[in-house]
Amino acid sequence: MSYTSGKFAAQAKQVAADDKAGCPENTILAYRRKMAEFLDFSRYAFPSEVDGIPSTTVTEEKFFGFLWYQSRRHQQPRGRPGQCKPVEEQFSKDDYESVISNTDWISDKPIGYSVLNQYRSAILDLHAQQRDGGCNNIPKEVLMSGLVKRLLKTVKMRKTQIAKSNFDEKLTSEFTPYTAAQDIPRLEDFFFQKNSLSSIYSVASLRDRYCLLMTTNGILRGESLFKCELSDLCSLLHKDKNSLEDILIHVMRIATGKTNGLKTLYGRCIRHRNVNECAIGALGFYLMARFMQSGEAESFDFTSNKAWFNIKLLTDSRGFDNTISVTDQAYASNMKNACRHLGIISKHFVHFGRSAGSVKAELDELDGYNINDLGNWNVDTRRDVYSAKLPMKAMRVMAGHPDEKGSVFLPRDHIKPSITLQQTIFPFIEKEIESIDAATNSTAYAFLNLLSCLRVIILQDAATMILNGRGHFLFTLDVFNCEEFKEFLKNMSHHLNLVQDPVDLRIDSILPGVRDRFTNLHSEMRANFSQLNDRVDGLVRPQHLQSLLNHLSSFDFSSSAQSSSSIQSNRSLNDQRVSTSVSAIHMKKNENRCPRYELYKNHLSCLSIW
């Protein structure tokens, strides 16, 4: 039945137009090229009507013949965006004749199953359009005949045989994520250090660093992340009664993606145990550098959803239209260069973090259903409708914490910066919160609340990184060099040196006698060492040592004790000649006893011993 004419023809056309508008642009372009290639093939192979059927009508014979030709031909080189052949030049008559003339011939590098399946989907879509247009009455089940299904199965199964005959590398994309997962820290450091002295170019590097860590810790598709807008971001604070820590959860709600259909994807993560691999801290550093460089935050109007809802999270660092996201190919190019520079083997670049993140979760022995939840795979009705979308166990493991409930431990989060120090970062927050109604502008309120949380995270992570010896352009800003931050840095250093892991406290509570036993053993060892030292006093004389040291010309022995200041002054000179780190015997004078020798641990070279 056709709706090209009749009472509801206009409505049918509108539904088709709406469906096309909701389809991703790249999918439309890919399908259009393959449809055009099929139509050119049909006109060439069937130049006239057959049994009254026009040459461009999709039939089972044309469908099978076209897929068979595609399964035998050479792979076409992939072109960069803007360098592809025009739509009308996709089909090659000479290539088709060379393939069809020899039934037994097959390219040594034919197309794979995924490409052939794309051709199948595109032609079936063309068939559906013809059915809706009333110019094709062949059912879809007829097109997908047994021959077509066996052809697709054959192409799917031949991959291993062709790879073996071509001596292809065996470390394929199926296994490279396992080797690449351990290289996440190296990649993070590469992006952190890249352009770290430039206030302009460091924005792009911090953006790429956030992409890497977010796609890894959240097992999120890179394409989904690039579709994210600022209005998709929010944060939740989870108070775990079994933990000493309040857990901050970073959430992004992404309504569009490649495989989510009509569902909303959720990117989720918590603060990482390792400050260098924390995606939430990376988000804070990126937004701080971006807003400082572009100045766009000053023009945000959070009272109007229309004014800021379309601002993208990942934008061009050169300050162009912030409603247009940077392309995933730009990130892929930067990832490819980083992997080449570090010698990392990978066939995934946009999805590097997602593939490595899922493997990392497997290596950490996370249950499959937890990985599915975090990565938005196989979402069933319960998870889609009733779940809170917060797989806590998966987020804990991906953030470097043990999988046990209540095991989150973040020492750097224990020291809170003062309110005045916090307000030096994103200083527009208070003004904007006062200007909006939290009930009416709930999305804006959630985003501003996230920025408020990022203030604390930025200061805590920056202090920890500075104490760890990391440097970056951001750390030269006034906020990180004021007296208030220096005091905060001092408190953070003191705390990190003294803080005790809750695991140790739990051991004490479970096995209360273990620590006491170790303490007693230590005391006994010290007492025995002291007794041994006293016996040495009565057996060893300075002249005995002197006779031994006379054979060692590199030592200058003196029985008189040197002051600590003279030892310290000689170290700098002696360290230039000898670099060996040793323990030494230091002689002390006593008026009523012979000289006493005891262990002295602070020497850095041989010549500074005596």
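Note: Phe226 and Tyr331 have tilted aromatic rings, judged against thresholds of 30 and 60 degrees for the angle between ring planes. Taking the six-membered ring for Trp and thresholds of 30 and 60 degrees, Phe480 and Phe475 have ring planes more than 60 degrees apart, a perpendicular arrangement. A perpendicular orientation is assigned to the rings of Phe302 and Trp308, their planes being inclined by more than 60° (bins at 30° and 60°). Aromatic ring orientation, Tyr210 versus Tyr286: parallel (interplanar angle below 30°, classes split at 30° and 60°).
A distance of 8.5 Å separates CD of Glu188 from CD of Gln193, quoted to the nearest 0.5 Å. To the nearest 0.5 angstrom, His472 atom NE2 is 5.0 Å from Phe192 atom CZ. In this structure, Leu454 CG and Ile457 CD1 are separated by 5.5 Å, a value rounded to the nearest 0.5 Å.
Other residues, nucleotides and ligands contribute at most 12 non-hydrogen atoms within 6.0 Å of the OH atom of Tyr445. Atom CG of Asn468 is surrounded by more than 12 heavy atoms from other residues, nucleotides or ligands within 6.0 Å. More than 12 heavy-atom neighbours from other residues, nucleotides or ligands sit within 6.0 angstrom of NE2 on His495. Atom NZ of Lys416 has more than 12 heavy atoms from other residues, nucleotides or ligands within 6.0 Å.
Side-chain N or O atoms of Thr464 include one that pairs as donor or acceptor with a backbone N or O of Gln460 at under 3.5 Å. Side-chain atoms of Arg209 never come within 3.5 Å of backbone atoms of Phe190 as a donor-acceptor pair (strictly under, hydrogens ignored). Remark: side-chain polar atoms of Asp125 are not paired, donor with acceptor, to backbone N or O of Ser121 under 3.5 angstrom. Remark: the backbone N or O of Val203 is not paired with any side-chain donor or acceptor of Arg290 at under 3.5 angstrom. Remark: side-chain polar atoms of Ser325 are paired, donor with acceptor, to backbone N or O of Leu314 under 3.5 angstrom.
Across all their heavy atoms, Leu313 and Leu225 have their closest contact at CD2-CD1, 4.3 Å. Leu448 approaches Phe428 most closely through the heavy-atom pair CD2-CE1, 4.3 Å. When all heavy atoms of Phe300 and Asn322 are compared, the pair lying nearest together is CE2-ND2, 4.3 Å. Of all non-hydrogen atoms in Cys278 and Leu213, the two that sit nearest each other are O-CD1, 3.8 Å. Nearest heavy atoms, Pro110 versus Asp108: CD-C, 3.5 Å. When every heavy atom of Ala462 is checked against every heavy atom of Phe285, the shortest pair comes out as N-CZ, 3.9 Å.
Considering only residues two or more places apart in sequence or on other chains, Lys336 meets the side-chain hydrogen bond (donor to acceptor under 3.5 Å, both in side chains) condition with none of them. Residues meeting the side chain to side chain contact (heavy atoms under 4.5 Å, CB included) test with Ser198, sequence neighbours left out: Ile200, Tyr201. Every residue two or more places apart in sequence or in another chain that forms a side chain to side chain contact (heavy atoms under 4.5 Å, CB included) with Ile419 is listed here: Gln422, Gln423.
A salt bridge links Arg271 to Asp461: at least one charged side-chain nitrogen sits closer than 4.0 Å to a carboxylate oxygen. Using a cutoff of 4.0 Å between basic side-chain nitrogens and carboxylate oxygens, Glu296 and Lys312 are not scored as salt-bridged.
For the pair Leu459/Leu421, a side-chain contact is recorded, criterion being any heavy-atom separation below 4.5 Å from C-beta on. Side-chain contact between Asp232 and Glu229: present, with at least one pair of heavy atoms (C-beta onward) separated by less than 4.5 Å. Looking only at side-chain heavy atoms (C-beta outward), Met492 and Ile466 stay at 4.5 Å or farther from each other. Between Arg455 and Pro417 there is no side-chain heavy-atom pair separated by less than 4.5 Å.
Screening Leu230, Ile429, Leu233 against Leu451 for a side chain to side chain contact (heavy atoms under 4.5 Å, CB included) leaves a single residue, Ile429.
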